[in-house]
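First up is the structure itself, then whatever we jot down about it.
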Amino acid sequence: MRVVLIRAKNVKKFFTHSGCYPCLRHHAVMDIPSLSYFTLLVKDYLTRFSGAPVREFFPIAPDAPLEQMQNIIDARFARERSLPTTNRATVVKSIRAYHESLGFLSEAATKHLKLLESPNTLAIVTGQQSGMLCGPLYTFYKAFTAIELAKSFRDRFPGCSFVPIFWMETEDHDLEEITSVNVLNAEGRLDTIRYTPTALAAKPDEPWRKQAGPTLLEEAPLNDFFEKLRSILQPTDFTAEVLALMQSAYAPGKSFAQAFATLLLHYFGEDGLLIIDANSRELKSLASDLFRIEIETSPQLSGKIVLRSVKVEETYHAQIKPRALNLFYVDEDGDRLPIVEKEKTTPLPPSSLGGGELRNFFLKGSRKTFTLPELLSELETNPERFSSNVVTRPLFQDTLLPTVAYVAGPGEIAYFAQLGPAYEWAGLPMPLIYPRVTATLIEDRLERVFEKYHITAEDILSDAHGRNNALFDAMIETELVPRFESALLEIDIALEALREKVNQADPTLDGALTSLKGKVLTAVRDFEGKTLAAERKRHATTKAQLDKLLAALLPSGELQERELNMVYFLNKYGPKYFELLKQLLRPVSLDFHEHHVLHLKDLSKAVE
């Protein structure tokens, strides 16, 4: 077998670390514009904001100068001064009570709550759905970026205080999205474990309409989930302790939200991360004016977003599709149903109270209906029944919290590009949209494979989602490809050389010659494919090793951070691995311009 050296062209530079980062062998950074895992809008936002159309859709660049960020801070302070002081007190009380209910109110969290009581304190916010075992690695990256950004802002803006807050999105009813966990099994292949509630298992074809966050975890499905997880994970000295940690957080009778928050605070409680679950009567009541205006003026908000979306789509893509009325209603059965307005009915006489057209609403998927006065009365009486969607959720969040920066993933950056008019409509200052760190972790076990085949992690990441055979063909390259290319060229030249004589013999045969040439070249191409397939089969060991590389770096053809769960690393390297990960990420946590490739060495010794 002849091995060919490949080098990704998009590796920008390498660093080495020592001292307090003993486990980082080296750190490569890859140009985000050259990676296929990010959309054009996100690439422009991260790397060339000032020179791209994306600048039209955000108030400031993600790395804006201090004076521009100061304008957002000043606008937020003006907003805070316009609110009753009881609003902030209610929010702080709710966050404190939630931490206490989980039994995790650290000294750092207590300090941050005390700061948050002051009108001089602003929030660095991030958030995520309450996924099983805290979801993929990017949840960890988002929380850590928010913590580090809050520290940075304290240094950059003396006289102000900043606290990191994690907004748990508990109201969404897309249960399937949050119930699966991806890990690498003992053979290095990707496996998925899914938690399936009893009701969903009994009626798998029926849509799940209940809010996912408040859904209670059940003993039998949990036992099944953790038994599958145990069977898939490679047995290590840490397996029992790690599974006990997970089962303590995700225990029967807890809700998805409570379990998620418990594990997230295990990771970040000592860093002072504050968690808010706004799905409560007292917090919904603070946003009742926002919800009322959306009901009364709909579809005004949607119209504004549609106009912005048209502008965005001139260059990029629209991430979100607004509804005419961007609210859900949670009915007596706990189903979260869209509120839809019926066609307007006969106009009222001008002398009638209110005048104009009658407005009536219904819940999609239900027979329940409301007149406009009835719907507004229900909002005043039972605000907890109203639930925001993707359009109104950020507005709800920033109505409650003194947000000056939101740490966003790539998908969120894209939908915030459409939401500028929504913030104007709501009378809210749009925060800085700050990208979370993006990184791939390279385990030491993979280094031997890289060395054997003279390739790098960057070569793998550069290989178009790992969906083609270019890298593998290069790893096992023989003389087959150049020989076939040479043969094809010779055949093409030889047949083309016949054209003049063929035309002299009979001009009508010219087309037949062209057709013949196409068939011959196609046949040779097909035969080349069969030959290369046979060559790949002959190198099954090489293919298996490449598959392991792809599973570790690009599971399911996506970046590692979007697929793998932390439990895989905790099981392999110890329950304190997350503390080491913080050390590794800290030097790069606020560098969003590039994708970071972190190579690890002697990790097992470092976490002992």
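We use all heavy atoms of the structure for the numbers below, so side chains are in, but hydrogens, waters and symmetry mates are not.
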Steps toward side-chain hydrogen bond (donor to acceptor under 3.5 Å, both in side chains) verdict (Asn326, Ser302): CA-CA 8 Å; Asn326 295 286; Ser302 293; 3.0 Å; yes

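- Remark: the Gln418 side chain and the Ser309 side chain contain an N/O donor-acceptor pair separated by less than 3.5 Å.
- Side-chain contact check for Phe153 versus Leu122: every heavy-atom pair is 4.5 Å or farther apart.
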Return all side-chain donor-acceptor pairs below 3.5 angstrom for residues 398-409, not counting sequence neighbours, or 'none' if the list is empty.
from: Asp398; atom 1: OD1; to: Thr403; atom 2: OG1; distance (Å): 2.7
from: Asp398; atom 1: OD2; to: Tyr423; atom 2: OH; distance (Å): 2.6
from: Thr399; atom 1: OG1; to: Leu395; atom 2: O; distance (Å): 2.6
from: Thr403; atom 1: OG1; to: Leu401; atom 2: O; distance (Å): 3.4
from: Tyr406; atom 1: OH; to: Gly127; atom 2: N; distance (Å): 3.3
from: Tyr406; atom 1: OH; to: Glu412; atom 2: OE2; distance (Å): 2.7

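- Sequence neighbours left out, the pairs with a member in residues 171-181 that pass salt bridge (Lys or Arg N to Asp or Glu O under 4.0 Å) are Glu171-Lys284.
- When each of Glu384, Gln211, Glu169 is checked for a side chain to side chain donor-acceptor pair (under 3.5 Å) with Asn279, only Gln211 meets the rule.
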Salt bridge (Lys or Arg N to Asp or Glu O under 4.0 Å) evaluation trace for Glu561 with Arg436: CA-CA 11 Å; Glu561 62 191 21; Arg436 66 163 171 81; 3.1 Å; yes

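- The environment of CD in Glu107 is sparse: at most 12 heavy-atom neighbours from other residues, nucleotides or ligands sit within 6.0 Å.
- The stretch residues 361-398 participates, sequence neighbours left out, in these ring pair (Phe, Tyr, Trp, His ring centres under 6.0 Å) pairs: Trp167-Phe396, Phe291-Phe396, Tyr329-Phe370, Tyr329-Phe386.
- Phe328 carries Arg336 over the face of its six-membered ring, with the cationic atom under 6.0 Å from the centre and within 45° of the normal.
- A donor atom on one side chain and an acceptor atom on the other are found under 3.5 Å apart for Glu218 and Thr198.
- For the residue pair Asn389/Thr392, the side-chain donor-acceptor check at 3.5 Å is satisfied.
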